[in-house]
Each structure stands twice: as structure tokens, then as C-alpha cells.
Amino acid sequence: MTNSDFRAVALASKAWPYQEARKLLKRWPEGKPDGEALVFETGYGPSGLPHIGTFNEVLRTTMVRNAFHALSDASTRLIAFSDDMDGLRKVPDNIPNQAMLAGYLGHPLTKIPDPFGCHESFAHHNNASLRAFLDRFGFDYEFVSATECYAAGRFDDTLRLVLECFDRIMEVMLPTLGAERRATYSPVLPVSPKSGVVLQVPVEVVDAREGTIRFIDDGDTIEQSALGGMAKLQWKVDWAMRWVALGVDYEMSGKDLIDSVTQSSKIARVLGGRAPEGFNYEMFLDEQGEKISKSKGNGLGLDEWLRYGTEESLAFYIYREPRKAKSLHIGVIPRAVDDYFQFRGNYAAQPLGQKLGNPVHHIHDGKVPEGAPSVTFGLLLNLAGVLGAGASAEQMHGYLGNYVEGAVSPELDMLIGHALAYNRDYVAPTLARRKPEGPEVAALKRLDRELAALPTSAGAADIQNIVYAIGNEGGFETLRDWFRALYETLLGSSQGPRMGSFIALYGIENTRALIAEALT
């Protein structure tokens, strides 16, 4: 297939990264002037450590960037921007030396000592964490610091535009503010020459071209430059200024920032620039359906996910339905792991149009590993559940040796480790087998007899046929009632695997022992 044929199919794809990429083709049909690279941006507030939301935004932006590369030969850049000149508003709950930090409220994050004691400042520590975080997952990006941009004069020309357009920017912002906020609002936040605090005070523009401003600082009238790091901009104005100064063409953001996008886009136009393309994704919810909040601590951490599931399964979960609110908690991990491998297993045989809509295409940028492990994650969890909280990898390997041809692959071995951890922490404490009742007793006895008559080498399909036959003929209202009885009496859970596969993996004699325990 030629590159033009591929692009023709991609141009018609309904996969959301291609839909987003087509916005950029429309924005720059002939590419940016002089072959300049299109700029993608993700923003980060370094008042806290990187988290799963950071991964989410960089990953989704990277997927759009990759989709654009499939449609165009134009070059691109991804900027990971740190708003590290922002004043500290409150002390994060998960940071040491909180009393020390409380004494620096309002100070730029790059001027606050590192509470961890290992970097030049609090912002430098969190920026280093961000870069290590992004490097860990192999993202292709350029790190840009707000403090460095302001101090080095990189933003000075656009800051002069802000001062020249001061009144027009106020006309955009004041109607969006309450009466009390309007009284003190200023697009420009001077850095106090006395205290070093980023001040929230009214500002008067003295000379826009020179960058001179006037304000009251602790009772004194101060006249100083707004350039060279002596001031920063208020959030929505800062966002717009950054878009214009850095030539940003694409930036996505959460649904909670829709109003900010609207106001910042207006301000970008006031500055003679153009707001970037992008879309607003829905926020993740916790198990109770409440919005995840860092301050509440009700979210699922990235390290938690990677303790119990794979990086690809997280990427798969993030890719799906970005405009739909989704629960993000421990319970979604097993399904995400198995769904990822199911989609990956289907990929090779799909026609191109379906491949481009398959999440794994975007997770792996078209270079999708072949096949999938021969045992599902759910089945590994059920095996670990039967073996108990103290199950070991060696035990799991022993059972798999009779089920999987050849050696256990590194990928399957990794899944075994995740399954053991998940079982130990979340499954084993909840398992409780119940006694069989009514027609369940006779059905289990029949299953035991049928299994006893099978050779030990019987395959999963043959065993599953027996399970189905017993369920259809055992006096149950529905097959689901029979399967639920098997799960609850043999495995101690209300949900479970295909029993044919489980019995083939666990072993016929071992399964008969489970049945005997249930019946006695």
C-alpha cells in the first residue's frame, strides 16, 4: 500500500486522534510559513508532583501528534510547559516540611526552597520529577520553564502587547468576575521588590513599550518594569500570551477549563494571535462518581495502576471515549488489561480502516506487537484467587506448564506478577465461598462425575461443552444462574472466567477437589 493510499484511509477515519489531526490540516493547509514546525503544548502546574492526569494529557496529545504525522509531512514539536513562576497558593498535603512551605505562600515556585532538600527550589524538584516521569514513558517533548522564559525576556515582546492592549484585555475579563474580584483584578501580577511575592494588586501601565508599570506594594507606590521576570501574567491572560509567544497550534484541556479556553482565546485574538486547536476532554471520576481531586486524595495514582496492570492497559483506558466521564479506580484495571490484549490480538487480521480505529494502533503508533498472551488476565486472577493470598509465581508457573505450550513468555510472566499483587491486595480479602443450594448440589455432583470420566488432557472447549450441558439440563432458570453458582461455590466470587478454560488450567483433579469441598 502506498503512503497516499494510507493517507486517504486515514483522512476518512473516525478515530478521534485523526479527527483532531484534520483540524491542524485545515489550520495550515500548506504548512506553517518557512517550514516552521507545528507546536503542540501540554501545561503543568508544578505546585504538586506529576500524576495520572499529567500522563493522560501528554499521552492523548502525543496520539494526535502521531495521527498528524500520518497525514502530513510537516514537522512538529511538543512543548511540556511548566508554569513554575506561579505563586504558591496552598501547601500540598503530600509534601514534607509543610510548616516551611507555609511561610512562602505567594512566592514564585522557583523561589521556594525544596522541601525534599535535593534541588534548587520546590519548582526545580517538581520539574525534575516531571521530566523523569515523561522520560520514563518515552515521550518526545521539549521542556519549557515559565520562569526561564520570563527571566530571559522570551516573553517580553508579547508582554509589551499585553500592556498596550491592557484596557481591551480588562474588557474581556471583568465581565467574568465577581464584584469583589473586579476591584483588585489585574492581568499583570508584579513581583514585589520587597517581599518577592507575586502580588495580586491593581496595576497601572506607565509606558507599554518600555514595559513600565505602577502599583502599590505594602503602602508604597512602586514603579518598575514588567519585563525580564519582574512580573508574570494572570492565569487566563498568561495562557493566551503563551499561545501567541510560542506559536502554539494545538492544546487540549479538561472540561473544567472550558471557560478558561474561551476567555484565553479572546485574549489571544486581542493580542493579534490565534488560539490553538484542541478539544475538552471529560474528567475522571472515582468509584462513587465524584470528580477526582488531588486535594481530596480520591484518585488512582499512576504507580498504583502500574502495580496491578500494564502501561499499555492504562493507555488503552485513557484512549477510549475521551469525551465521556469514566470511573478511574482499582476495579477497572483487570478489564482494561484484557480488553487491550483482545484488541491487540484482533489487529493483524483487520482491514486498514478498522486498524486505524483500533485503540492499539494509536497506543503503539502503528507498530503493534503481534498476538496476545494465551491466558487472560482474568483467568490468572481466578487461578491466583483459588491459590490464596500467599500464591507464588512458582505455583502459577506450575499450573501454566500444563496449559500453555512452550515456555511462559516474558509478557505473560509480567501479567502473573500483576495478578498476584492484585489478588493479594484486592481479591483474596473479599473471597467467600458459599454452600451450594437446591439444584446446584445435583449439578455439581454431575459435573464431578463428568470430569472424572475425562482424560487429564481434555481441552477447554470439551470441558466447556460439559459445563453448558449441565447448566441447560440442571433445572436452572438461566445459564447465568448456573455460572454464578459455580463462581460463588467454587471460587468465592460473584464473577468468574469461562469455566472450561479455568478447569483446563487449574486441572481436572484439582477442580474435583474444589467441588468436594463445596459439597461437604
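For Arg335, the CZ atom counts as loosely surrounded, since its 6.0 Å shell holds 12 or fewer non-hydrogen atoms of other residues, nucleotides or ligands. In Gln495, the CD atom is not crowded: 12 or fewer heavy atoms of neighbouring residues, nucleotides or ligands sit closer than 6.0 Å. Phe166 CZ: more than 12 foreign heavy atoms inside a 6.0 Å radius. Counting non-hydrogen atoms of other residues, nucleotides and ligands closer than 6.0 Å to NZ of Lys355 gives a total above 12.
When ring centroids are compared, Phe343 and Phe316 come within the 6.0 Å threshold. Remark: aromatic rings of His119 and His125 are close, center separation under 6.0 Å. Residues Tyr18 and His362 place their aromatic rings such that the two centres sit under 6.0 Å apart.
The aromatic rings of Phe279 and Tyr281 stand perpendicular to each other, their planes meeting at an angle above 60°, with 30° marking the opposite boundary. Using a 30° and 60° split on the angle between ring planes, Phe137 and Phe133 fall in the perpendicular class, above 60°. The aromatic rings of Trp243 and Trp239 lie tilted to each other, with the angle between the two planes from 30° to 60°.
The backbone N or O of Cys118 sits nowhere less than 3.5 Å from a side-chain atom of His124 that would complete a donor-acceptor pair. Of the possible polar contacts, one joining the Gln98 side chain to the Ile95 backbone as a donor-acceptor pair under 3.5 Å is found. Side chain of Gln342 to backbone of Asp339: no donor-acceptor contact under 3.5 angstrom is found. Not a single donor-acceptor pair under 3.5 Å links the side chain of Asp217 to the backbone N or O of Asp220. Checking side-chain atoms of Thr262 against main-chain N and O of Ile258 turns up a donor-acceptor pair under 3.5 Å. Side-chain N or O atoms of His364 include none that pairs as donor or acceptor with a backbone N or O of Gly366 at under 3.5 Å.
No side-chain heavy atom of Ser75 sits less than 4.5 Å from a side-chain heavy atom of Leu38. Considering only heavy atoms from C-beta on, Val191 stays 4.5 Å or farther from Tyr150 through its side chain. Side-chain contact check for Glu164 versus Arg209: some heavy-atom pair is nearer than 4.5 Å. At a threshold of 4.5 Å between non-hydrogen side-chain atoms, the residues Val427 and Tyr422 count as touching. Looking at heavy atoms from C-beta onward, His69 lies in side-chain contact with Thr76 at the 4.5 angstrom threshold. Between Arg65 and Asp140 the shortest side-chain heavy-atom distance falls below 4.5 Å. Side-chain contact between Met173 and Ile267 is present, with at least one heavy-atom pair separated by less than 4.5 Å. A 4.5 Å side-chain heavy-atom check between Phe215 and Glu204 finds every atom pair outside the cut-off.
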Subject >> Pair Asp86-Arg89, salt bridge (charged side-chain N to carboxylate O under 4.0 Å, His left out): steps then yes or no >> reply: CA-CA 9 Å; Asp86 199 17; Arg89 294 177 176 82; 2.4 Å; yes
**OP:** Could you go through the salt bridge (charged side-chain N to carboxylate O under 4.0 Å, His left out) check for Asp156 and Arg160 one step at a time?
**Re:** CA-CA 6 Å; Asp156 281 357; Arg160 291 187 179 94; 5.1 Å; no
Subject >> Working for side chain to side chain contact (heavy atoms under 4.5 Å, CB included), residues Thr184 and Val201 >> reply: CA-CA 6 Å; Thr184 60; Val201 295; over 6 Å; no
**OP:** Apply the test salt bridge (charged side-chain N to carboxylate O under 4.0 Å, His left out) to residues Arg136 and Asp303: give CA-CA distance (whole Å), side-chain angles for both, the deciding distance (0.1 Å), then the verdict.
**Re:** CA-CA 12 Å; Arg136 171 184 180 183; Asp303 287 338; 3.4 Å; yes
Subject >> Candidate pair Arg214 and Thr221, rule side chain to side chain contact (heavy atoms under 4.5 Å, CB included), full reasoning >> reply: CA-CA 7 Å; Arg214 184 182 297 126; Thr221 299; 3.6 Å; yes
Subject >> Full working for side chain to side chain contact (heavy atoms under 4.5 Å, CB included) between Thr110 and Ser121 >> reply: CA-CA 5 Å; Thr110 44; Ser121 73; 4.2 Å; yes
Subject >> Full working for ring pair (Phe, Tyr, Trp, His ring centres under 6.0 Å) between Tyr141 and Phe40 >> reply: CA-CA 9 Å; Tyr141 69 97; Phe40 293 74; over 10 Å; no
Original post:
Does the side chain to side chain donor-acceptor pair (under 3.5 Å) test come out yes or no for Asp84 and Tyr44, once each step is laid out?
Top reply: CA-CA 8 Å; Asp84 55 15; Tyr44 168 68; over 6 Å; no
**OP:** Please test Tyr250 against Glu41 for side chain to side chain contact (heavy atoms under 4.5 Å, CB included), starting from the C-alpha separation and ending with a verdict.
**Re:** CA-CA 6 Å; Tyr250 189 89; Glu41 182 181 63; over 6 Å; no
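At a threshold of 4.0 Å, the pair Arg274-Asp249 does not count as salt-bridged, since none of the basic side-chain nitrogens sits closer than that to a carboxylate oxygen.
Side-chain contact of Glu311 with Trp305: a donor-acceptor pair under 3.5 Å is absent, judged by distance alone. Ser313 and Thr310 form a side-chain donor-acceptor contact under 3.5 Å, judged by distance and modelled atom types alone. A donor and an acceptor atom, one from each side chain of Asn346 and Asn358, are nowhere located under 3.5 Å apart. If you check the side chains of Arg60 and Asn56, you find a donor sitting under 3.5 Å from an acceptor.
We find the CG-CG distance between Leu159 and Leu271 to be 10.0 Å, quoted to the nearest 0.5 Å.
Among the candidates Lys23, Arg27, Arg22, the single residue satisfying the salt bridge (charged side-chain N to carboxylate O under 4.0 Å, His left out) test with Glu277 is Arg27.
Residues Ala419 and Leu380 share a closest heavy-atom pair of CB-CB, 3.9 Å. Minimum heavy-atom separation, Val203 to Val188: CG2-O, 3.6 Å. Nearest heavy atoms, Gly309 versus Val337: CA-CG2, 4.0 Å. Here the closest heavy-atom approach between residue Thr212 and residue Leu163 is recorded as N-CD1, 4.5 Å. Between Lys236 and Ser264, the shortest heavy-atom distance links the atoms O-OG, 2.8 Å. Between Pro276 and Glu251, the shortest heavy-atom contact is CB-N, 4.0 Å.
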Only pairs under 3.5 Å count here: list side-chain donor-acceptor contacts from residues 317-325, not counting sequence neighbours, and write none if there are none.
{"from": "Tyr317", "atom 1": "OH", "to": "Ser327", "atom 2": "O", "distance (Å)": "2.2"}
{"from": "Arg323", "atom 1": "NH1", "to": "Asn280", "atom 2": "O", "distance (Å)": "3.4"}

